[in-house]
Amino acid sequence: MKKIGLVGGLGPEATVDYYKELISAFNNKGGEMNYPEIIIYSVNMSEFLKMFREKDYRSAISFLLEKLHSLKNAGAEFAAITANTPHLLFDEVIEQSPLPLISIVEATLRKTIKKGLKRPGLIGTGFTMDASFYQDVFKKQGIEVIVPEKQDKELINYKLFSEIEMGIFSNETRELIIGIIDKMVKINEIDSIILGCTEFPILLPESSYAGIPALNTTRIHVNEIIENCLTYVVGAGI
């Protein structure tokens, strides 16, 4: 097995979820406790978000590359970033990365295609919903990605940074997000919802909401990390 490197801490709850999902997957491999070696660099989330808020993307790229070099020096053979938002810079990072990287966006696209979905909705941080990195990747395969209306985007972003990223998962917020998904189904006719923040699967663990499939980006990403760990097929394109 290849040694896995994870850039984590964006946020911590999702990083814990990645670790648990990876270990859980190997619990089913014959009961031999043959777990993969996992090296995690948990970063300072506040420092990274400050760069994004100021649109200091050059510093953010350098920040991520520094962590990837540290993972390589620690023995990692490939890596993944355990958050959706940093993938806004994925193309720039992978050009200079010392390690092969698995994209959460490309992994989610592969899953979307496999399921035959054509019009997914996307919820995530304001950075993710306001950017076009999901749309840019998906439209190459003729798939349109829909985001909520402005007021709902602002509400989702507020809930993420005032509660969810801090490990607060309330029923009230869960119902609020489900309501936004239901609204998107009725108004935008989406056929699925991308949980485009890796904390969302903790809040929304079911496989469907508002009558449509939920694309759990954490689990999708973890499954490709496992596949790459076992088969050496790292960074395969679409």
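Side-chain contact check for Leu204 versus Ile193: every heavy-atom pair is 4.5 Å or farther apart. Looking at Ile225 and Leu6, their side chains come closer than 4.5 Å, going by heavy atoms from C-beta outward. Proximity of Lys111 to Asn223: side-chain heavy atoms (C-beta onward) are nowhere separated by under 4.5 Å. For the pair Lys183/Glu149, a side-chain contact is recorded, criterion being any heavy-atom separation below 4.5 Å from C-beta on. Counting heavy atoms from C-beta outward, Glu165 and Cys197 have side chains that approach closer than 4.5 Å. Between Phe90 and Leu64, the closest side-chain pair of non-hydrogen atoms is not below 4.5 Å. Considering only heavy atoms from C-beta on, Ile181 stays 4.5 Å or farther from Met184 through its side chain. The side-chain heavy atoms of Met1 and Leu230, taken from C-beta on, include a pair separated by under 4.5 Å.
Not counting sequence neighbours, the partners of Asn171 by the side chain to side chain donor-acceptor pair (under 3.5 Å) test are Arg174. Under the salt bridge (charged side-chain N to carboxylate O under 4.0 Å, His left out) criterion, Asp136 pairs with Lys139, sequence neighbours left out. Under the salt bridge (charged side-chain N to carboxylate O under 4.0 Å, His left out) criterion, Glu54 pairs with Lys50, sequence neighbours left out. Applying the side chain to side chain donor-acceptor pair (under 3.5 Å) rule to His87 yields no partners; only residues at least two apart in sequence or on another chain are considered. Listed by chain and residue number, Asp182 satisfy the salt bridge (charged side-chain N to carboxylate O under 4.0 Å, His left out) test with Lys186 (two or more places apart in sequence, or in another chain). By the side chain to side chain donor-acceptor pair (under 3.5 Å) test, Glu21 pairs with Arg219, sequence neighbours left out. For Glu163, the salt bridge (charged side-chain N to carboxylate O under 4.0 Å, His left out) test picks out Lys159, with sequence neighbours left out. In this view, Lys67 and Val7, Tyr41, Val43, Phe63 satisfy the side chain to side chain contact (heavy atoms under 4.5 Å, CB included) rule, not counting sequence neighbours. Taking Leu49 as the reference, Met45, Arg53, Phe127, Phe161 meet the side chain to side chain contact (heavy atoms under 4.5 Å, CB included) condition, with sequence neighbours excluded.
The closest donor-acceptor contact from the side chain of His221 to the backbone of Ile102 lies under 3.5 Å. A distance-only check finds a donor-acceptor pair linking the side chain of Thr15 to the backbone of Gly9 [under 3.5 Å]. In this structure, Ser59 contributes its side chain and Met51 its backbone to no donor-acceptor pair below 3.5 Å. In this structure, Thr217 contributes its side chain and Leu195 its backbone to a donor-acceptor pair below 3.5 Å. The main-chain N or O of Thr128 is found under 3.5 Å from a side-chain atom of Thr125 such that the two form a donor-acceptor pair.
Among residue pairs with one or both ends in residues 164-216, none qualify as ring-ring contact (aromatic ring centres under 6.0 Å, His included); sequence neighbours excluded. Evaluation of the salt bridge (charged side-chain N to carboxylate O under 4.0 Å, His left out) test over residues 79-101, restricted to residues two or more places apart or in two chains, returns none. Residue pairs meeting the salt bridge (charged side-chain N to carboxylate O under 4.0 Å, His left out) criterion with at least one member in residues 118-130, sequence neighbours excluded: Arg119-Glu144, Asp130-Lys153.
A continuous path of hydrophobic side-chain contacts links Tyr57 to Val105 [ILVMFWY only; heavy atoms under 4.5 Å]. Following chains of ILVMFWY side-chain contacts shorter than 4.5 Å, one cannot reach Val16 starting from Ile164, and the two form parts of different hydrophobic clusters. Tracing side-chain contacts under 4.5 Å through hydrophobic residues (I, L, V, M, F, W, Y), one reaches Phe133 starting from Ile94; they form part of the same cluster.
None of Val145, Ile220, Asn84, Asn216 except one satisfies the side chain to side chain contact (heavy atoms under 4.5 Å, CB included) rule with Thr108; the exception is Ile220.
For Tyr158, the OH atom sits in a loose shell: 12 or fewer heavy atoms of surrounding residues, nucleotides or ligands are nearer than 6.0 Å.
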